[in-house]
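Report on the following structure.
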Amino acid sequence: MIFDYNVIWDSLPLYFAGLLTTLELLGMALAFGLLAALPLGLMRVSRKPWVNLPAWLYTYVIRGTPMLVQLYLIYYGLSQFAAVRESFLWPWLSSATFCACLAFAINTSAYTAEIIAGSLKATPAGEIEAARAMGMSKSKMYRRILLPSALRRALPQYSNEVIMMLQTTSLASSVTLVDITGAARAVNSESFLPFEAFITAGVFYLCLTFILVRLFKLAERRWLGYLAPRKA
């Protein structure tokens with residue numbers, strides 16, 4: 001088998017354009033997903049059923065259904081309703097970029113909410129007792145002690161979620177977006193060289209994963225260094 005480097009070289013501009021689209025989708029999905037996950041995570045640790053149950057149901061449904069199904073429901077499914085097509089939301093819901101970002105943000109918010117809830121539940125009792133001894137109200141205790149501490153401890157799990165979301169963005173090509181995977185599909189359809197097309201996409205994803213892993217390692221060293229075992 002002869003590997004055709006010329007096809008890859010000629011297609012690099014398309015791949016780099018796809019890289020920008022992938023980073024745009026990933027950044028917006030993570031930003032809006034985290035914003036939604038914070039209140040959902042707090043709701044998940046509430047002892048009040050009317051607060052906890054809606055958040056649990058949301059995360060259960062989202063985590064229990066495939067990402068591709070959610071994307072298709074938002075991009076293709078909503079357009080079948082005349083009320084949606086005639087609403088003020090249609091300019092956004094008719095956009096593949098908006099629908100993909102919305103679907104990805106909804107998906108990652110459910111997983112991130114459970115990560116935050118798990119970190120909150122794992123808060124050492126001593127931190128809570130110390131906050132109460134300082135006379136902090138519940139809201140101030142969450143704002144100054146529990147939530148910052150939980151977010152730091154959640155970094156290793158959240159890094160996995162970010163990597164998984166990076167891989168998930170490859171589904172955007174199924175709704176006409178030309179991300180990295182969409183670029184590979186376009187190259188394959190033009191050159192009929194699937195190995196060259198998709199191995200190049202794989203290299204792009206591997207490089208992005210390496211960068212993200214290194215960034216999270218630095219973040220963990222910065223904010224979780226106090227949890228590392230002390231040298232004798």
Side-chain angles (χ1 to χ4, degrees), residues 1-34 62-63 65-80 84-85 89-112 158-219:
M1 182 184 68
I2 300 176
F3 197 87
D4 194 340
Y5 294 96
N6 291 327
V7 171
I8 297 175
W9 182 258
D10 294 339
S11 303
L12 281 180
L14 181 60
Y15 279 104
F16 280 111
L19 172 63
L20 292 178
T21 300
T22 294
L23 292 175
E24 178 185 1
L25 292 171
L26 180 64
M28 289 193 291
L30 292 176
F32 289 108
L34 184 59
I62 298 302
R63 294 190 302 151
T65 53
M67 176 70 252
L68 187 59
V69 171
Q70 298 166 19
L71 179 57
Y72 279 1
L73 283 174
I74 293 174
Y75 184 64
Y76 294 114
L78 293 178
S79 63
Q80 81 177 61
V84 174
R85 296 194 303 271
L89 295 174
W90 183 240
W92 289 279
L93 292 176
S94 60
S95 166
T97 300
F98 178 84
C99 290
C101 287
L102 179 60
F104 296 155
I106 289 173
N107 188 268
T108 192
S109 69
Y111 286 93
T112 305
Y158 186 63
S159 66
N160 292 331
E161 170 59 20
V162 171
I163 299 302
M164 291 299 297
M165 185 49 54
L166 170 63
Q167 316 304 331
T168 300
T169 59
S170 62
L171 297 177
S173 62
S174 64
V175 290
T176 72
L177 291 178
V178 183
D179 62 337
I180 296 175
T181 302
R185 294 175 64 176
V187 172
N188 178 46
S189 65
E190 292 176 2
S191 64
F192 300 101
L193 295 173
F195 188 82
E196 285 85 342
F198 290 103
I199 199 69
T200 304
V203 170
F204 271 84
Y205 283 115
L206 280 172
C207 291
L208 285 176
T209 300
F210 176 80
I211 293 171
L212 289 173
V213 168
R214 292 305 303 165
L215 289 175
F216 272 103
K217 288 296 182 184
L218 292 174

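Numbers here are sequence positions counted from 1.
- Remark: side-chain polar atoms of Thr21 are paired, donor with acceptor, to backbone N or O of Ala17 under 3.5 angstrom.
- A side chain to side chain contact (heavy atoms under 4.5 Å, CB included) with Leu71 holds for exactly one of Val175, Thr168, Leu102; it is Val175.
- The shortest distance between side-chain heavy atoms of Arg185 and Phe198 falls below 4.5 Å.
- The closest donor-acceptor contact from the side chain of Thr112 to the backbone of Ser109 lies at 3.5 Å or more, if one exists at all.
- Considering every non-hydrogen atom in both Ala172 and Asp179, the closest pair reads CB-OD2, 4.2 Å.
- Listed for the Arg85 side chain is no donor-acceptor partner under 3.5 Å among the backbone atoms of Trp90.
- Going from atom CE of Met67 over to atom CD1 of Ile62 covers 8.5 Å, rounded to the nearest 0.5 Å.
- Side chains of Tyr205 and Thr181: a donor-acceptor N/O pair is present below 3.5 angstrom, by distance only.
- Not a single donor-acceptor pair under 3.5 Å links the side chain of Thr108 to the backbone N or O of Ala105.
- At least one side-chain heavy atom of Ile106 sits under 4.5 Å from a side-chain heavy atom of Ile74.
- Nearest approach of Cys101 to Met28, heavy atoms of both residues: SG-CE, 3.1 Å.
- Atom-to-atom distance recorded for Leu218:CG and Arg214:CZ is 6.0 Å, nearest 0.5 angstrom.
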Can Thr97 and Leu177 be said to form a side chain to side chain contact (heavy atoms under 4.5 Å, CB included), step by step?
-> CA-CA 7 Å; Thr97 300; Leu177 291 178; 3.4 Å; yes
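- Looking at heavy atoms from C-beta onward, Val187 lies out of side-chain contact with Glu196 at the 4.5 angstrom threshold.
- A pairwise comparison of heavy atoms in Tyr111 and Glu161 identifies CB-OE1, 3.5 Å as the closest pair.
- Counting heavy atoms from C-beta on, the side chains of Thr65 and Leu73 never come closer than 4.5 Å.
- Closest of all the heavy-atom pairs between Tyr75 and Ala96 is CE1-CA, 3.5 Å.
- Going from atom CG of Leu93 over to atom OG of Ser95 covers 9.0 Å, rounded to the nearest 0.5 Å.
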Run the side-chain donor-acceptor check on residues 6-15: report pairs under 3.5 Å with partners two or more places apart or on a different chain.
residue, atom, partner, partner atom, Å
Ser11, OG, Val7, O, 2.7
Tyr15, OH, Ala197, O, 2.5

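- Judged purely by atom type and a 3.5 angstrom limit, Thr22 uses its side chain to pair as donor or acceptor with the backbone of Ile180.
- Atom CZ of Phe32 has 12 or fewer heavy atoms from other residues, nucleotides or ligands within 6.0 Å.
- Within the 4.5 Å cutoff, side-chain heavy atoms of Val162 are placed close to those of Leu30.
- Of all heavy-atom pairs between Ser174 and Leu68, the closest is OG-CD1, 3.7 Å.
- Here Phe210 contributes atom CZ and Leu206 contributes atom CG; the two are 11.0 Å apart, rounded to the nearest 0.5 Å.
- Between Phe204 and Phe16, the ring centre distance stays below 6.0 Å.
- Listed by chain and residue number, Ile163, Leu166, Gln167, Val213 satisfy the side chain to side chain contact (heavy atoms under 4.5 Å, CB included) test with Thr209 (two or more places apart in sequence, or in another chain).
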